[in-house]
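Notes for the one structure printed next.
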Amino acid sequence: MDFNTWRHTANGTGVEEFILGFPGTWHSWVSLVVVFALMYSLTVISNTCILALRWMNSNLCTPMYFFLCNLSFLEIWCTTGVVPKATGVMLGTSQNISFSVCILQSFFLLSLGSTECFLLSVMAYDCYLAICYLLRYSSLMNSVLCLLVLSSWLGGFLAISLLAFLTSRMTFCEPDAINHFLCHIDSCLALSCSDMWPVELVTFLVSIIVVVASCVSYVYITSSMLRIQTAHGQKKDLSISSACLGVVTICYDSTMFLYVKPSAENPLDLNKFGITFHTVVTPLLNPFIYTLRNKEVRQALGWAFQKK
């Protein structure tokens, strides 16, 4: 059944099940499946390697690598929440999704995205302490390490709770075909016959709070680095934070494009590209930008292979 046929199968009342899919040829769908499967495999392997290295190597048992392990764990779940279902949709084996599962997928992905923002803020704070309070770094960070991580996870899921509740209270009418490979908030709103402004307003406010809080922390770190006068200090600081800034640029450009807007006004095709980049490409890039280019991690990898 093609997508145009799907759009005429609704019963004219509130729907309890959606059909996922988007226009395209069989060859384009198969090509996307191959690319998605390859990137998913690399993402899971690379992030799992980071988790295993931190567990096996005592030299990596530091606050920074503890945060990186949380980020890797999050990235595995983020891409797992998208790629398997998207693959089923494109192959035509799993287009149907119930209303409750659709809301759950949207809540899960948005919560993981918010948690990532908070984790990046916490990692920025860790970087700031390592730069500006080097002698007191261990005592300052160890006293709040678990609290910061727990707050990031709880804050990420709580931040999306109101949005998930408002979305679940909306009425969705015909057509019941979502023009997407997953249940994204914008695609769901396009099918709603309820008043959308409360959901759009909450989405915009939550996005502003989450994204701005993280961006401000990085601006503060950058200004702190620039205040250090010695050339040696500047070189060290820039080497520490360059990876952080690279990840932040990748993460928040796509996040701001998708969510920091007063209404769901971006074309759905552009949203598909942004979501794919944020949930499939970024989880693959983060291990290489943030961790695998790190000297200590490369040494740990070399030690692990020599041990074998």
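The residues of the chain are indexed from 1 along the displayed sequence.
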So, applying side chain to side chain contact (heavy atoms under 4.5 Å, CB included) with [X], which one of [options] is it?
X      : options                       : result
Cys183 : Ile103, Val101, Leu20, Leu109 : Leu20
Val122 : Ser152, Pro63, Cys117, Ser151 : Ser152
Val281 : Thr279, Leu285, Leu284        : Leu285

Show your working on side-chain contact (heavy atoms from CB on, under 4.5 Å) between Leu38 and Val34 and close with a plain yes or no.
CA-CA 6 Å; Leu38 178 62; Val34 173; 5.5 Å; no
First locate atom [atom1] of [X], then atom [atom2] of [Y], and finally report the distance between them rounded to the nearest 0.5 Å.
X      : Y      : atom1 : atom2 : value
Trp153 : Leu112 : CH2   : CG    : 6.0 Å
Met39  : Thr79  : CE    : OG1   : 8.0 Å
Asn47  : Cys78  : CG    : SG    : 10.5 Å
Thr62  : Phe67  : OG1   : CZ    : 9.5 Å
Ile160 : Ser111 : CD1   : OG    : 5.5 Å
Asp126 : Leu120 : CG    : CG    : 12.0 Å

Can you find a pair of side-chain heavy atoms, one from Phe107 and one from Ser161, that are under 4.5 Å apart?
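Heavy-atom side-chain distance check passes, below 4.5 Å.
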Parallel, tilted or perpendicular, as decided by the 30° and 60° cut-offs, for the rings of Phe73 and Trp77:
perpendicular
I'd like to know whether the aromatic ring centres of Phe181 and Phe36 sit less than 6.0 Å apart in this structure.
yes
Does [X] belong to the same Ile/Leu/Val/Met/Phe/Trp/Tyr cluster as [Y], with side-chain heavy atoms less than 4.5 Å apart forming each link?
X      : Y      : value
Val206 : Phe165 : yes
Leu104 : Val83  : no
Leu53  : Trp55  : yes
Leu68  : Ile45  : no
Leu154 : Tyr125 : no

Which is it for Leu91 and Trp29 under the side-chain contact (heavy atoms from CB on, under 4.5 Å) test, yes or no, and what are the steps along the way?
CA-CA 7 Å; Leu91 290 178; Trp29 290 336; over 6 Å; no
What is the minimum heavy-atom distance between [X] and [Y], and which atoms define it?
X      : Y      : result
Gly156 : Ser114 : O-CB, 3.5 Å
Gln105 : Gly81  : NE2-O, 3.1 Å
Leu129 : Met141 : CD1-CE, 3.6 Å
Met64  : Tyr137 : N-OH, 4.1 Å
Leu74  : Glu116 : CD1-N, 3.7 Å

Does the side chain of Thr87 come under 3.5 Å of the side chain of Tyr40 through a donor N or O and an acceptor N or O?
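No, because no side-chain N or O of Thr87 sits under 3.5 Å from a partner of the opposite role on Tyr40.
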Would you find a donor on one side and an acceptor on the other, under 3.5 Å apart, between the side chain of Ser106 and the backbone of Cys102?
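Checking the backbone N and O of Cys102 against the side chain of Ser106, no donor-acceptor pair under 3.5 Å is found.
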